[in-house]
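All remarks here apply to the structure that follows.
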Amino acid sequence: MPSQASQLELELRASRDEVARATEAVRLYCAAHGAAEELIHDLCLAVDEVLANIVLHGYAADPAGRIELRVTAEGSGYKLDFIDRAPPFNPLTATPPDLAVPPEERTIGGLGMVLVRALMDGLAYAREGDANHLTLHREGARSKG
Amino acid sequence: MPLDIRVTQDKDPRNSGRVRVALDGSLDTATSPDLEKALQPLYVRQLRVLVFDLAGLRFLSSAGIRVLMTARKELTDHDGSFILTNLQPQIAKVIEIVKALPGVSIFRNDAEMDAYLAAMQKKVVEGGQAS
C-alpha cells in the first residue's frame, strides 16, 4: 500500500462513453489502493452522476467539451475534483428534486445529486475563471449507512 | 462495465403478457440508452407484467433509474405490474436513496416473486375478471 498520497488524472471528452471510461479508471485506481467494494461502488457512482450532469447538461453532449477529473487518495479516504469549462453551474445550489413528487415529474439531473450527497461526506463548488470546479470528499470508514 | 440485456417472453399461456428482462453488468450513463431501445418494442397493450431480474446487475446510476421509471409508468398506466427481483445490496441501497420507484414490487428472489404473482393471479380469477 503506498505511503504517500497519489493521484489519478484524467482528461475526458464530453460523451457517454467517456463517462464509462472514467468510471472504470476510478474503479481500478481505488481497487489498487485496497478500497473496500462498497467504497469503490460509491465513488464510481458519484463519478458517473457528476460526469453525466456535466456532459449532458453542462456541455449539452457537445463532444468538444473537456472535463478534468482528479482522484486523490488521502489516508483511507478519497478526494474527487471535477473541472469543466461549461457555462457556470453550481450543482450544490441547484434546486433538489422533491422526492414526494411523482418521479416522472421531477427535475432532470436532480436524482444524481441526491445520490452524490447521500454517498459523499463533503462537497464544495467554486467558479474559477471560466471553469466550474466541484470537489467531493469521501472518508474510508463510515458510520452513515 | 457493459450491460447485457436478455428479454424472455413467458411461454406459459396462463402467464400471457408477462415479460422477463434480465440485466447483467452496469446500467449507467453509457448503457442506459441501450436498455431504453431494448424496452421500446415491449410497450404494447398486451404487456401485463414486466419483471426485471437484477441478479447480475452490479451497478445502477440515476440514468438507469430513469429508464426503469419510464418502464414502470408504462405498466402502471395500463394497470400492469412492474417488478424488480434479485437485487444486489448496493442496488437496493441506491433505489432506496432516491425513492424513485414508489409502489414498485421488489423481491429478494424468484420464489418470493412467484408466490406474489400466483396470489395476484388467484385474485383475478376469483374476482371473475377476464385475464
Side-chain angles (χ1 to χ4, degrees), chain A residues 12 14-28 31 36-57 61 67 91 96-120 142 144-145, chain B residues 1-5 23-37 39 43 52 54 56-78 80 82 84 87-106:
Chain A
L12 310 161
S15 79
R16 288 180 185 263
D17 285 346
E18 288 280 87
V19 176
R21 182 170 76 88
T23 306
E24 279 317 296
V26 171
R27 190 187 307 278
L28 288 169
E37 274 307 311
E38 186 170 349
L39 176 53
I40 295 173
H41 168 271
D42 292 355
L43 289 165
C44 288
L45 188 49
V47 167
D48 184 287
E49 298 297 351
V50 172
L51 289 179
N53 275 353
I54 297 170
V55 168
L56 300 172
H57 309 306
I67 307 162
D98 182 347
L99 297 181
V101 168
E104 329 55 91
E105 295 170 30
R106 295 187 206 145
T107 328
I108 293 176
L111 284 185
M113 283 313 292
V114 169
L115 283 167
V116 172
R117 284 181 188 283
L119 299 173
M120 296 294 110
R142 280 196 122 196
K144 256 207 256 184
Chain B
M1 211 190 311
L3 178 69
D4 284 331
I5 305 166
L23 299 180
D24 276 79
S26 181
L27 178 55
D28 56 34
T29 297
T31 61
S32 63
D34 298 332
L35 180 60
E36 199 166 23
K37 271 193 219 108
L39 294 177
Y43 298 149
F52 282 90
L54 305 183
L57 189 69
R58 292 167 51 197
F59 190 87
L60 173 65
S61 73
S62 69
I65 291 174
R66 254 174 247 113
V67 177
L68 294 178
M69 281 162 45
T70 302
R72 181 187 67 92
K73 193 163 193 304
E74 281 290 332
L75 269 296
T76 57
D77 278 358
H78 301 104
F82 177 86
L84 305 180
L87 276 64
Q88 296 190 15
Q90 71 278 17
I91 306 300
K93 173 174 100 172
V94 166
I95 288 174
E96 173 55 34
I97 290 169
V98 297
K99 303 189 201 319
L101 301 170
V104 168
S105 305
I106 297 180

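Throughout, a chain's letter reflects where its sequence line sits, starting with A, and its residues are numbered from 1. Basis for what follows: all heavy atoms, side chains included, without hydrogens, waters or symmetry-related copies.
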Could you report the tightest heavy-atom contact between B/L60 and A/L45, atom names first, then the distance? O-CD1, 3.5 Å
Gap between atom OG1 of B/T29 and atom CG of A/L51 - 0.5 Å precision: 8.0 Å
Between B/S62 and A/L111, what is the shortest heavy-atom contact and its length? CB-CB, 3.7 Å
For A/R27, which atoms come within 4.5 Å of any heavy atom of chain B: side chain, backbone, both, or neither? side chain
Taking the side chain as every heavy atom from C-beta outward, state whether A/V19 and B/D28 have any pair of such atoms under 4.5 Å apart. no
Presence of salt bridge, A/R16 and B/D34, under 4.0 angstrom: no
With a 6.0 Å cut-off (strictly less than), is the heavy-atom count around CZ of B/R58, excluding the residue itself, greater than 12? no
Quick one: pull up NZ in B/K93 and NE2 in A/H41 and give me the separation to the nearest 0.5 Å. 6.0 Å
Among A/S15, A/A20, A/C44, which residue forms the greatest number of heavy-atom pairs with chain B at distances under 4.5 Å? A/C44
For the interface with chain A, which of B/S61, B/A63, B/A30 has the highest count of heavy-atom pairs at distances below 4.5 Å? B/S61
First locate atom CG of A/D48, then atom CZ of B/F59, and finally report the distance between them rounded to the nearest 0.5 Å. 5.0 Å
Proximity breakdown for B/T31 and chain A, heavy-atom pairs closer than 4.5 Å: neither
